[in-house]
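Reviewing the structure listed below.
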Number of protein chains: 2
Amino acid sequence: MAATSFEGSSSFCPALGEDMAHLVQQAQETFALLQTPKAISDFALFYKSLGDETRLKIVALLLLRDLCLCELVDGLNVPTSTMNHHLQMLVKGGVIQGRREGKFTIYHLNEAVRPYLPFVEVK
Amino acid sequence: MAATSFEGSSSFCPALGEDMAHLVQQAQETFALLQTPKAISDFALFYKSLGDETRLKIVALLLLRDLCLCELVDGLNVPTSTMNHHLQMLVKGGVIQGRREGKFTIYHLNEAVRPYLPFVEVK
DNA sequence: ACTATAAAACTAGAAAAATAGATGTATAAT
DNA sequence: ATTATACATCTATTTTTCTAGTTTTATAGT
């Protein structure tokens, strides 16, 4: 019945069904990213949170020193609610943390992410 | 006329207008990211292109070896046109490159981006 | 060579889902 | 009461995904 030599594959690609299934399995064993649904969703959130020009400017300022929301509003000239929205995206992405100090919330870059910011000058 | 001590600033934030303007200027001098509109847009595109679960899976597979579109379709089980769209986003983001070989387009990870992929196991 | 066929990749367009940004209100600290 | 932040909601825009159709390349047959 089967007209082709490869069961389950109707493709003439370089690597057929069997080969790709094997490669996908190898990737799952190699990268923590692929081992749980949460892992991959966390990584996607991390990159997504950095994929916006305003948020990159926020990160650049936080690389120099910790800043509160109102300072960032002042420096980058965006509305408070918009700034708050962007800061929460960066918190969800694991890029920054906020700590309450009196009536201010001071935002701080997670040091662990520094190596993954290509625009940081490495001396 | 001015009721406050700081012209142009109505804020009692830790750092006021003058201070923030200075910090923003310092950031512009420090980070190439902030020096041209194209630079920041390129970085945003880079991160945006990685901020999607399907595209992270593509990158994981391309870390193992070069693959054509149809192999990725076979391995990740998404429609051809959807895969093509994601591959073009990754190309625009500077994460991968494609080269035509006969009727295939082989996609290849740009080696320069490896250090910025946190999910790569470093041995 | 010429034609027909099929595979692989690309493109166009639209529906569905997610996000950016604005407005207004609520909470917390001084 | 004032200031700083958080939140809830809404609209406009963007992104994701899919269907369908087109182009390019390779192969088979004549």
Side-chain angles (χ1 to χ4, degrees), chain A residues 3-4 6 9-17 20 40-41 44-58 66-93 96-108, chain B residues 3-4 6 9-17 20 41 44-45 47-58 66-93 96-108:
Chain A
T4 64
F6 306 99
S9 176
S10 57
S11 159
F12 292 167
C13 282
L16 302 169
M20 280 312 295
I40 190 162
S41 136
L45 267 181
F46 168 76
Y47 285 115
K48 199 177 292 187
S49 76
L50 289 169
D52 176 271
E53 301 195 11
T54 299
R55 294 198 288 268
L56 286 177
K57 290 179 190 170
I58 294 170
D66 293 358
L67 292 165
C68 70
L69 183 143
C70 58
E71 288 173 315
L72 289 163
V73 165
D74 189 35
L76 295 181
N77 209 32
V78 295
T80 299
S81 64
T82 301
M83 180 58 73
N84 193 58
H85 169 249
H86 285 306
L87 288 170
Q88 285 177 4
M89 299 275 298
L90 286 167
V91 169
K92 277 205 295 183
I96 66 174
Q97 283 179 318
R99 63 176 189 276
R100 188 85 185 201
E101 287 194 3
K103 58 179 176 180
F104 304 108
T105 301
I106 311 292
Y107 290 93
H108 170 80
Chain B
T4 65
F6 305 99
S9 174
S10 57
S11 160
F12 291 168
C13 280
L16 300 170
M20 281 311 296
S41 135
L45 266 182
Y47 285 116
K48 199 176 291 186
S49 77
L50 288 169
D52 176 89
E53 301 194 11
T54 300
R55 294 197 286 269
L56 286 178
K57 290 179 191 171
I58 294 170
D66 293 0
L67 292 165
C68 69
L69 183 144
C70 58
E71 288 172 314
L72 288 163
V73 164
D74 189 34
L76 295 181
N77 209 31
V78 295
T80 299
S81 65
T82 302
M83 179 61 71
N84 193 59
H85 168 251
H86 286 306
L87 289 170
Q88 285 178 4
M89 298 278 293
L90 287 168
V91 169
K92 277 205 295 183
I96 66 174
Q97 283 179 318
R99 63 176 189 275
R100 188 88 185 197
E101 287 193 4
K103 58 178 175 178
F104 304 107
T105 301
I106 311 291
Y107 289 93
H108 171 78

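Protein chains get the first letters and strands the later ones, always in sequence-line order, with residue 1 at the start of each. In what follows, every heavy atom counts, from backbone to side chain, and hydrogens, waters and symmetry copies are set aside.
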Compute the angle between the rotation axes at the two ends of the helix from C:dA1-D:dT30 to C:dT30-D:dA1, each taken over five pairs, rounded to 10 degrees.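 Result, rounded to 10 degrees: 30°.
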Within the distance-only criterion (no hydrogens, no angle test), does the side chain of B:Gln88 pair as donor or acceptor with the backbone N or O of B:His85 below 3.5 angstrom?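 No; judged by distance alone, with no hydrogens or angles, the pair does not exist.
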Under a 3.5 Å distance rule, please check whether B:Arg55 uses its side chain to pair with a backbone N or O of A:Ala44 as donor and acceptor.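 Side chain of B:Arg55 to backbone of A:Ala44: no pair is present.
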Specify the residue among A:Met89 and A:Glu101 whose closest nucleotide of DNA chain C lies further upstream toward the 5′ end.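 With A:Met89 and A:Glu101 compared, the 5'-side residue is A:Met89.
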Report the distance from atom [atom1] of [X] to atom [atom2] of [N], rounded to the nearest whole Å.
X	N	atom1	atom2	value
B:Arg99	C:dC10	CZ	P	13 Å
B:Leu76	D:dT17	CG	P	12 Å
A:Ile58	C:dG21	CD1	C1'	13 Å
A:Asn77	C:dG21	CG	P	13 Å
B:Ile106	C:dA8	CD1	P	11 Å
B:Phe104	C:dC10	CZ	P	12 Å
B:Lys57	D:dT17	NZ	C1'	14 Å
A:Asn84	D:dA4	CG	C1'	10 Å

Nucleic acid contacts of residues 44-54 of chain A, taken as heavy-atom distances under 4.0 Å to DNA chain C: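 Contacts with DNA chain C under 4.0 Å: A:Lys48.
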Applying side chain to side chain donor-acceptor pair (under 3.5 Å), can you list everything that pairs with A:Asp66, at least two apart in sequence or on another chain?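 Listed in chain order: A:Arg99, A:His108.
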Nearest-0.5 Å distance that lies between atom [atom1] in [X] and atom [atom2] in [Y]:
X	Y	atom1	atom2	value
B:Leu50	A:Phe46	CG	CZ	9.5 Å
B:Asn84	B:Cys70	CG	SG	12.0 Å
A:Ile106	A:Leu67	CD1	CG	8.0 Å

Nearest listed nucleotide, side chain of B:Tyr107, among D:dT16, C:dC10, C:dA20: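 Minimum distance to the B:Tyr107 side chain belongs to C:dC10.
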Taking the side chain of B:Gln88 as heavy atoms from C-beta outward, which of C:dC10, D:dA6, D:dT16 is closest to it?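 Nucleotide nearest to B:Gln88's side chain: C:dC10.
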State which residues pass side-chain contact (heavy atoms from CB on, under 4.5 Å) with [X]; sequence neighbours excluded, sorted by chain then number.
X	value
B:Leu45	none
A:Lys57	A:Leu76, B:Leu34, B:Ile40
B:Thr82	B:Pro79, B:His86
A:Thr80	A:Leu69, A:Val73

Identify all pairs in which a protein N or O lies below 3.5 Å from an N or O of nucleotides 22-28 of chain C, and state each distance.
unit_1	atom_1	unit_2	atom_2	d
C:dA22	OP2	A:Thr82	OG1	2.9

Under 4.5 Å between any side-chain heavy atoms of B:Ile58 and B:Tyr107, yes or no?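 When only atoms from C-beta onward are counted, B:Tyr107 and B:Ile58 do not touch, as no gap falls below 4.5 Å.
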